[in-house]
Amino acid sequence: MKKLFVIVCCSAFLFLEGCKDDDEIKCTKEPPADKMEAVNQTRLTADSLAIVDYLAANSITGTQIKDNVRYLITQLGTGETPCIESIVTAKYQGRLMKTGSIFDPTPGSGVVWEDREVNFKLSSPILGWQIALPVIPVGSKATLYIPSGYGYGVNGGGNGSIPSNANLIFEIELIAVN
């Protein structure tokens, strides 16, 4: 009888421990290390210096996040900050730092970025967003300054509207996190 009691207690304990692990919600605040390490560090250093020079030339005080992404909060929200696993809702506009040219939303499309909400899993977009958004509370508006390696890198993007090794600026409004 004693053996049966011990077996039942151990089984119940193991079952409850297993349930506890399954119920825990994962909240990662940084992109995967292998993606971060894959970025050309020499290029990252040069891009970071270019961003610092740009900010200084334009009298902008940006806050540096780990790995040289910078941001400036223009309106501080009070909501939660997203996890890499989160689905976020945002409005945004992307520009090239060098020229100021808008690449998203597509120029001439008639779409005004303040009117366009997009939903995506935070693990999906460029690394710069994955680095920056976990420190920005819902309800905030911010400007992100992203080195090319955390953007579209040597390949460029946007059907040719983003050249190779382009440092990027994003105006973003973080609307919701799910």
Side-chain angles (χ1 to χ4, degrees), residues 26-77 79-107 113 118 120-175 177:
K26 186 176 182 181
C27 182
T28 309
K29 293 291 188 173
E30 296 180 6
D34 60 329
K35 287 185 178 182
M36 300 296 290
E37 292 164 4
V39 174
N40 179 311
Q41 296 302 305
T42 302
R43 183 72 207 189
L44 180 60
T45 299
D47 288 345
S48 297
L49 291 174
I51 290 172
V52 168
D53 291 345
Y54 175 88
L55 295 174
N58 291 285
S59 301
I60 299 169
T61 305
T63 302
Q64 181 174 330
I65 305 171
K66 177 184 171 184
D67 301 310
N68 302 308
V69 170
R70 295 183 183 263
Y71 70 100
L72 174 66
I73 301 257
T74 55
Q75 176 183 314
L76 183 60
E80 66 182 303
T81 58
C83 305
I84 297 296
E85 298 82 9
S86 300
I87 303 293
V88 298
T89 303
K91 297 177 184 181
Y92 72 95
Q93 174 179 267
R95 293 183 284 130
L96 302 175
M97 189 179 81
K98 188 174 185 176
T99 65
S101 299
I102 296 170
F103 59 82
D104 196 5
T106 306
W113 76 276
V118 293
F120 53 89
K121 189 168 186 176
L122 187 52
S123 61
S124 298
I126 61 173
L127 279 173
W129 281 41
Q130 294 177 46
I131 294 166
L133 289 186
V135 301
I136 298 175
V138 169
S140 296
K141 291 183 180 181
T143 305
L144 310 180
Y145 302 91
I146 300 176
S148 69
Y150 296 145
Y152 296 94
V154 296
N155 296 324
N159 296 322
S161 61
I162 306 169
S164 176
N165 296 318
N167 295 324
L168 307 173
I169 300 172
F170 285 95
E171 302 291 332
I172 185 166
E173 179 180 356
L174 187 55
I175 298 171
V177 172

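- For the residue pair Asp47 and Gly149, the shortest heavy atom distance occurs at OD2-N, 3.9 Å.
- For Gly151 against Ile126, the heavy-atom pair with the smallest separation is O-CG2, 3.6 Å.
- Although no hydrogens or angles enter the test, the distance criterion places a donor-acceptor pair under 3.5 Å between the side chain of Gln41 and the main chain of Val39.
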Chi angles and distances behind the ring pair (Phe, Tyr, Trp, His ring centres under 6.0 Å) call for Trp129, Tyr150: CA-CA 8 Å; Trp129 281 41; Tyr150 296 145; over 10 Å; no

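- Using modelled atom types, one side-chain atom of Gln130 and one backbone atom of Ser123 make a donor-acceptor pair closer than 3.5 Å.
- For the residue pair Asn165 and Ser148, the shortest heavy atom distance occurs at C-CB, 3.3 Å.
- Listed for the Asn40 side chain is a donor-acceptor partner under 3.5 Å among the backbone atoms of Thr42.
- Applying the side-chain contact (heavy atoms from CB on, under 4.5 Å) criterion to Ser59, with sequence neighbours excluded, gives no partner residue.
- The closest donor-acceptor contact from the side chain of Lys29 to the backbone of Thr81 lies under 3.5 Å.
- When every heavy atom of Ala142 is checked against every heavy atom of Thr74, the shortest pair comes out as N-OG1, 4.0 Å.
- Taking the side chain as every heavy atom from C-beta outward, Leu174 and Val88 approach each other to under 4.5 Å.
- Looking at Cys83 and Leu122, their side chains never come closer than 4.5 Å, going by heavy atoms from C-beta outward.
- Taking CG of Asp53 as the reference point, atom OG of Ser48 lies at 11.0 Å (rounded to 0.5 Å).
- When side chains are defined from C-beta on, Leu127 counts as touching Met36, because their heavy atoms get closer than 4.5 Å.
- Rounding to the nearest 0.5 Å gives a distance of 5.5 Å between CD1 of Ile65 and OH of Tyr71.
- Distance check, rounded to the nearest 0.5 Å: CD1 of Ile73 to CD1 of Ile136 gives 5.0 Å.
- In this structure, OH on Tyr145 lies 6.0 Å from OH on Tyr54, to the nearest 0.5 angstrom.
- The two residues Ile51 and Ile146 make their nearest non-hydrogen contact at CD1-C, 3.7 Å.
- Not a single donor-acceptor pair under 3.5 Å links the side chain of Ser140 to the backbone N or O of Leu76.
- Taking the side chain as every heavy atom from C-beta outward, Arg70 and Leu55 approach each other to under 4.5 Å.
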Could you pull out every donor-acceptor pair under 3.5 Å between side chains of residues 90-97 and any protein atom, sequence neighbours left out?
from	atom 1	to	atom 2	distance (Å)
Lys91	NZ	Glu114	O	2.9
Tyr92	OH	Asp104	OD2	2.6
Tyr92	OH	Arg116	NH2	3.4
Arg95	NH2	Glu171	OE2	3.1

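- Thr28 and Glu85 form a side-chain donor-acceptor contact under 3.5 Å, judged by distance and modelled atom types alone.
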